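What follows is one structure encoded as structure tokens, with my remarks underneath.
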Protein chains: 2
Amino acid sequence: MFAANPAATMEQVAQAAGVARTTVHRRFATREALVEELTGWAARRFAEAVESAHTDSTPPLVALYQVTANVLRVKTNWWFAMSRTADGAHPEAARVHAEVRDDCERLLRRAREAGVLRPDADLDWTRRVYYALIHEAAAEGASGGGDAEALATRVVDTLLRGFGSPAAPVIA
Amino acid sequence: MFAANPAATMEQVAQAAGVARTTVHRRFATREALVEELTGWAARRFAEAVESAHTDSTPPLVALYQVTANVLRVKTNWWFAMSRTADGAHPEAARVHAEVRDDCERLLRRAREAGVLRPDADLDWTRRVYYALIHEAAAEGASGGGDAEALATRVVDTLLRGFGSPAAPVIA
DNA sequence: ATGAATTGCTACACCGATGTAGCGAGTAAT
DNA sequence: ATTACTCGCTACATCGGTGTAGCAATTCAT
């Protein structure tokens, strides 16, 4: 499906879709229109995944797990449409991205206040690591590596505990 | 410097270098030759960074910190040449990448046996998270976010401890 | 069966990036 | 001063991707 990259030529897109290139042009006048529609659709899916987790009305830890699982579900199913949507060019995608970022920051703040995260946790760094973990887990999931729930468990576990032995010395 | 992406046009490359496009063609016959040389050079730098940490002859924890700092140093300084070298197309880069991967796996295994990592740590997942953390830290470092030592400390700390409160409940 | 709609196909114009050639200006070495 | 070298510039050929037009074949509805 679709070679995954938005840099694919119309020819490749058409071939992946099993139609002729000119037929693609009948549906999408220009290449720009195609990626426009696709990224918009992906952004909507992404927003739904985050919304349906109700990150504001459930305990931080279960909210964290729920968002992670939901996002991983859409990312592993539609990964081919989810490569660097945050280019800023697409207004709707940018808006969704910003909203999700806000939601995530609020959730992490709640988690810290609830004692789930350490009091000295840098929330910005935490969020970026969280994103990276999701990205990595999605990559594994797209290669047939377990269901979304298992992956989410692993992501949250890694985010909270890391890999160090509890008894191990700490650097600083 | 160089717009960071290997998809930049020769015109942009030339402009970034402050020379005319034809002058670039005098030094590099084809575009392919340019990225070839650049990725080779970057791979060599990367290999040096890993080698000079002597990951096999120092205690796992300090080795981990040393590699991290060294790699972050080259990644933040030469980030424009370090975007997805692992395309597999470049033989030398692929070889370096594989060797580094082996080094990393050995180091993580030693760390686990030494009790630095939990006995049940999935080393493959650990390595991928470690890579992702370095990538994220490098992105921050390239935006003027602290020196390599501080970033390395943060990466290793995150990798080992995560963000969770020690007293927090665990999912599974 | 007739007409409408969709699709595949070929052909073509267009554009941007690539690569080459040659000329003229500047510069350093002797 | 002459020579050799490098660079910037213009011009051109080429190639691949894009977008458009038109035609024939197929399908579907009535």
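The chains referred to below are lettered A, B, ... by the order of the sequence lines, with proteins before strands, and numbering in each begins at 1. Values in this document were obtained by computation on a predicted structure and should not be read as measured data.
Here the C1' atom of nucleotide D/dG16 and the CZ atom of A/Arg31 are 13 Å apart, to the nearest Å. Taking atom CD of residue A/Glu11 and atom P of nucleotide C/dG8, one finds them 12 Å apart after rounding to whole Å. The distance from atom CE of A/Met10 to atom C1' of C/dC14 is 15 Å, rounded to the nearest whole Å. Between the CZ atom of B/Arg26 and the C1' atom of D/dT10 there is a distance of 12 Å, given to the nearest Å. Counting to the nearest Å, the P atom of C/dA17 and the NE2 atom of B/His25 are 13 Å from each other. Between A/Phe28 atom CZ and D/dT20 atom P the separation is 14 Å, expressed in whole Å.
In this structure, the side chain of A/His54 does not engage the main chain of A/Ala63 through any donor-acceptor pair within 3.5 Å. Remark: side-chain polar atoms of B/Arg106 are not paired, donor with acceptor, to backbone N or O of B/Thr55 under 3.5 angstrom.
In this structure, A/Thr23 reaches the C/dG8 phosphate: one of its side-chain N or O atoms is under 4.0 Å from OP1 or OP2.
No hydrogens or angles were tested; on distance alone, nothing pairs the side chain of A/Arg21 with the base of C/dG8 as donor and acceptor under 3.5 Å.
A heavy-atom distance below 4.5 Å is found between the side chains of A/Leu72 and A/Ile134. Taking the side chain as every heavy atom from C-beta outward, A/Val129 and A/Leu133 approach each other to under 4.5 Å.
For the pair B/Thr22 and A/Glu32, both in contact range of DNA chain D, the more 5′-proximal nearest nucleotide belongs to B/Thr22.
Using a 4.0 Å heavy-atom cutoff across all strands shown, B/Thr30 reaches sugar-phosphate atoms only and no base atom.
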